[in-house]
Student: 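Dropping the structure in here first, questions after.
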Amino acid sequence: MAEIPEKLNKPYEPALTEGRIYKLWEDSGFFNPDNLPTRHKEPFTIIMPPPNANGRLHAGHALTIALEDILTRYQRMQGKRALWVPGADHAGFETQVVYEKKLEKEGRSRFKMDRKELYDEIMAFTLESKKHMEADVKALGASCDWSREKFTLDPNVVSEVQETFRKLYRDNLVYRGYRTVNWCTKHQTSLSDVETETVEKNDKLYYIKYGPFVVATVRPETIFGDVAIAVNPTDERYKSFIGQTVSVQHPEGALPLLVIGDAEVDPLFGTGALKITPSHDHNDFRMSETHKLPRVEVIDQFGKLNEKAGKYAGMKIAEARTKVVEDLQALGLIEKIEDYAHAVPTCYKCNTTIEPRVMPQWFVKMAPLAKLAADSVREGKIKFIPDNFEKIFLYWMDNTIDWNISRQIVWGIQIPALICKSCNLGALDTEHKEGTPCPTCGAPLAIETDTFDTWFSSGQWPLLALGYPEKSDLSFYPTDVMETGRDLIFKWIPRMVIFGLYLTGKVPFRTVYLHGMVNDKHGKKMSKSKGNVVSPIDLTDKFGADALRMGLVIGSTPGNDLSLVEDKIKGYKHFCNKMWNASRFVLSNIGDTTLDTPRPKLSPRDEEILKELGAAIKSVTLHMDNFRFHLAGEELYHYFWHTFADIIIEEMKTRIQGEDEDSKRSTEWLLLNILSTTTKMLHPFTPFITEEIWSTLPKTTSSLLIIEPWPKQL
RNA sequence: GGGCAAUUAGCUCAGCUGGUUAGAGCGUUACAUUGACAUUGUAAAGGUCGGAGGUUCGAGUCCCCCAUUGCCCACCA
C-alpha cells in the first residue's frame, strides 16, 4: 500500500488549504492572461461588477464571484486568454450616506464640514474599507487579475469620465436644464428616478372650494404656489371657464388664477378640476411649460415653507398642511376630506418623501442614446440569460426620460463645467475660466461643484476597467459576459450598453447573465433591520469557500431568486470531504502508476466505465458552454459521489486485492485517471480543494490545475 | 394601472430543444458498517407536477384562461 501524502490528512480542513492555495495562484501569475502559456490565444473577458468599497461583501456578491469565477476558470482551462478584471466602486451617494451615518454617531454633520475635508475623510474611509472588500473577494477564490484592478476614482478614470461629459456636451447630448427634480430634503441632493422608491401611503384627499371650482388635492399647503386651475377641455361642466381668470380665496388672501384646458386632466378623478403648482409637482411643471405659466416656489430645500406662504413661513410641510387645513375649514372652504391611498416616491436610502423641486441641473438626452442601445439588442448583438430580460430591457429603452446626472454631494467625480448662478447657463470648463463674465448675462461664471450620478461613471465601466482610451487592453473589448444581479437590469446594464456604443460603436458585452437575489432561508430579502443577513465570509469560515460556492450555484437558476440554506452548504462540505477521502483511497491503491503511465489493456467493463465518463464529460461541457452551471455542478456531484465513489471504487476494491496483474494495472490506471478527470471538471466549482488534490497526484512534471486543459474523452 | 417570475415529495429546489415507471439535497424509517469517509453504504416511505381547457401518437415541459404568492415599473392630483 502506497503512502498517503501528509497533506491529505483527514478530514478535509478548508482553513489549512485555502489561504495557501490562493497565494500559490497569485504567485503563479496565471490570473493575468499575459502570463498564460502561449497555447492560450483567444481572449475571454469578464469585468467584475465593482463591489462598493464601503463595506464587506454580502451574499449576493458571493454569488457573483462564484459564477464569474466558474466562467473564468472554465474558459481558462478551455485554453482562452481569460481575463477577469476586478474593481472597487466609490459608490457616490451610497457611500456618502454610509459615511454620514458614521458622522451622525460621532455627533458631527457633513453640512458643517468643508468640502475638501469631507471628501478626504470619505476617501480615507473608503480606501480602508476597500481592503476588507478585496480580502473577501480573495477568500471566495476569485481568479481575477489584481494587477489590473481599477477603482472608480482612479485619476485616469476621473479624467476620462469628465472627458465623456465634454464629448456629450459637444454632441449636444447633455444640457443644463431647469425643471423639477427628485429632491431629498434630508440628504440635500437630487436623485434619479432609479434612486427613488415608491411606497404606498395613506393620506387625505382634500376637496377645497376654489373660486367657482372645487379642487381635490393631497397637498393643500402648496396652495400659495398655485398659478392656475386646469380642467379637461372636453369637460362640459368647466369648458366655458377656460381662458378666464378667476379669483380664489385662501387663508393669506386671494389669488387670481388662470383657468387652462389640458387633455391630461382626468375629468373622472376628484372633481375634474386640478390646482396647478408648477414648482412642486412634475406634472404641473410640464403644464406650466405648455401653457407658459409663471412658477412660484413656496417650499425651500429643507422642506419648509418660505415667505410666500405668509404666516406659515418656516413651518415644515406636515405642520403647515395641518394648519392650512384648519384655517381653510375655519373659512368654510373645505368641502370634504376623503381617505386616500396612493404611491409616493421616497428617497431609497432614508424613506423621506421626495419633494419635487425646480432646479438647474445637468441632463443627458436619452432618446437618441437609448435608440442605439435598443437597436443593438434588437439586432441580436447582445444576448440575455434568461432571455425574458431582453423584453424588459427594450421596454425600458423605448420609454426613457432625460437623465439627471447632477448630485449635490461631494463624494464623486466633479462635473467639469462652469455655471452662471444668475441665469443658470452651463458651459464646459474648457470654454471659459472661472470668473469670466457669463456670455448671456454678464455675471461671473462659477465652478460647478455638483458631482456625477455614480451610474454615469459606472456606466462606462467595461471600457474604463480596460484602461480606455489606452489601446493596450482594448483587444479584450467587447467583453464576453456581463454577469450581475437582476436588479441592475435598469440601473446599470442599459447605461453600459449606451456608453459602450456611444464611445466605441461596439456593444460592451455579448452576453448578459443575470442572477436572482440571494434571500434568507425563508425566501425573505436579507436586510439589516430584519436581522436576517447571512455573511458569506462566516459561511466560508464554517464550511469552506468551495462548499459555499457549490451551495450558491447548484439548485439555482438564472434570473430566479434563491434561498441561502445553511444545511445545503453543509451538504457540500460533506461532498468536499468525499472528494478528499476518495483521493486518499486512490492514492494509496495505485502502486507506482502516474498520470504519465500509458493506457494499459482494458477489459470490456473498463471500456464501459470510460464510456460513461466520456458521456459525463460531454454533458458537463455542454452545460458549461450554455451557462447551465447548476446542471453541470449537479451532474459532477452525482457522478463523483454516486458513480465514481459508490460504484467504481467499490468494484475496484476487490480487483485490487486479486491476483490478476493485468486487471490490477488497469484498475490503478482507471482510478487515477477518473480522479484526475473529475478533479479537473470540478475545479471551476471547487477550486481550492481540487488544486490541493491535484498537487498530490503523481506526475513527472508538477503543474497547476488552474491552467490544465479541460478534459476530453479518455 | 402595466409587466415579469414562481406554483413539482414534510422543507429547499432541479427537470436544457415535449419521449420509457417524475429527480436531488436535507429530513423521516429500517438494516449494515470502523470502512478511503468527524461517518458512510444499502433499501424504504413520501408527489392527481396550483386549477380548468386545448395542441399532440405522447405534456411537469407547448398554447389559452383562471387562482395564489413574490418582485419590478407607473407624474391621475
Student: Can you tabulate the close N/O pairs, meaning under 3.5 Å, that link protein atoms to atoms of nucleotides 1-5 of chain B?
Tutor:
residue : atom : partner  : partner atom : Å
B:C4    : OP1  : A:Lys391 : NZ           : 3.0
B:C4    : O2'  : A:Asn388 : ND2          : 3.3
B:A5    : O2'  : A:Asn560 : OD1          : 3.1

Student: Using the test side-chain contact (heavy atoms from CB on, under 4.5 Å), find all partners of A:Pro14 that sit at least two apart in sequence or belong to another chain.
Tutor: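 For A:Pro14, the residues satisfying side-chain contact (heavy atoms from CB on, under 4.5 Å) (neighbours in sequence not counted) are A:Tyr12, A:Glu18, A:Lys573.
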Student: What residues, two or more places apart in sequence or in another chain, satisfy salt bridge (charged side-chain N to carboxylate O under 4.0 Å, His left out) together with A:Lys349?
Tutor: A:Glu94
Student: Not counting sequence neighbours, which residues clear salt bridge (charged side-chain N to carboxylate O under 4.0 Å, His left out) with A:Glu566? List them please.
Tutor: A:Lys542
Student: Please map the stems of RNA chain B, keeping only stretches of three or more Watson-Crick or G-U wobble pairs with both distances under 3.5 angstrom.
Tutor: B:1-7 with B:67-73, B:10-13 with B:23-26, B:28-32 with B:40-44
Student: Which residues satisfy the salt bridge (charged side-chain N to carboxylate O under 4.0 Å, His left out) test with A:Asp592, sequence neighbours excluded?
Tutor: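 With neighbours one apart ignored, the set is A:Arg665.
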Student: Considering only residues two or more places apart or on different chains, which pairs with a residue in residues 263-272 of chain A satisfy side chain to side chain donor-acceptor pair (under 3.5 Å)?
Tutor: A:Glu264-A:Arg286
Student: Once ring pair (Phe, Tyr, Trp, His ring centres under 6.0 Å) is applied, do any residues pair with A:Tyr210, and if so which ones, sequence neighbours excluded?
Tutor: none
Student: Reading nucleotides 22-28 of chain B 5' to 3', which nucleotides get B (base under 4.0 Å from a protein heavy atom), which S (sugar-phosphate only), which -?
Tutor: --SSS--
Student: Residues two or more places apart in sequence or in another chain: which of them pass salt bridge (charged side-chain N to carboxylate O under 4.0 Å, His left out) with A:Lys275?
Tutor: A:Asp226
Student: Show the distances under 3.5 angstrom between N or O atoms of the protein and N or O atoms of nucleotides 65-72 of chain B.
Tutor:
residue : atom : partner  : partner atom : Å
B:C71   : O2'  : A:Arg486 : NH2          : 3.1

Student: Kindly say whether A:Tyr572 contributes a backbone atom to a donor-acceptor pair with the side chain of A:Lys578 at under 3.5 angstrom?
Tutor: no
Student: Could you note down all residue pairs passing side chain to side chain donor-acceptor pair (under 3.5 Å) where residues 388-398 of chain A supplies at least one of them, sequence neighbours left out?
Tutor: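 For residues 388-398 of chain A, and leaving out neighbouring residues, the side chain to side chain donor-acceptor pair (under 3.5 Å) pairs sorted by first residue read A:Arg378-A:Asp398.
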